[in-house]
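A short worksheet on the structure shown next.
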Amino acid sequence: MDRGRCCGYGLCAQLCPEVYKLDENGLVYVESELIPGGLEEEAREGAAACPAEALVIEAIQS
């Protein structure tokens with residue numbers, strides 16, 4: 001996540017509020033770098049909806 005790119009559109013939080021939160025200024029933040037099980041698709045959709053491309057989902061390499 002690149003908070004510096006966030007423009008506060010809030011589309012990510014609308015699509016996946018369990019993962020993407022908005023602070024008092026309307027900028028995105030996440031409470032955890034890990035996406036809870038079962039929310040992967042919604043988190044991807046939220047990231048893809050970001051017009052500023054501030055969000056990136058990466059698979060964990062084991």
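Rounding to the nearest 0.5 angstrom, the gap separating the CD atom in E40 from the SG atom in C16 is 9.5 Å. Residue E41 holds its CD atom at 11.0 Å from CG of L15, rounded to the nearest 0.5 Å. Separation of atoms CD1 (I35) and CD1 (I60) is listed at 8.5 Å; rounding is to 0.5 Å.
In terms of heavy atoms, E53 sits closest to R5 at O-NE, 3.7 Å. In terms of heavy atoms, R3 sits closest to Y29 at NH1-CB, 3.4 Å. Here the closest heavy-atom approach between residue P51 and residue L11 is recorded as CD-CD1, 4.0 Å. Taking both residues in full, the closest heavy atoms of Y20 and A43 are given as OH-O, 2.8 Å, listed atom of the first, atom of the second, then distance.
Under a 3.5 Å cut-off, the side chain of N25 and the backbone N or O of L27 do not form any donor-acceptor pair. With hydrogens and angles disregarded, no donor-acceptor distance shorter than 3.5 Å links the side chain of Q14 to the backbone of C12.
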Show the numbers, then the answer: is there a side chain to side chain contact (heavy atoms under 4.5 Å, CB included) between V30 and L55?
CA-CA 10 Å; V30 293; L55 302 167; 5.6 Å; no
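Under the 4.5 Å side-chain heavy-atom criterion for ILVMFWY residues, a single connected hydrophobic cluster contains both L22 and V19. Using a 4.5 Å cut-off between side-chain heavy atoms of Ile, Leu, Val, Met, Phe, Trp and Tyr, with links allowed through other members, V28 and I57 fall into the same hydrophobic cluster.
The number of heavy-atom neighbours closer than 6.0 Å to CD of E33, taken from other residues, nucleotides and ligands shown, is 12 or below.
Remark: D2 pairs with no residue by the side-chain hydrogen bond (donor to acceptor under 3.5 Å, both in side chains) rule, at least two apart or across chains.
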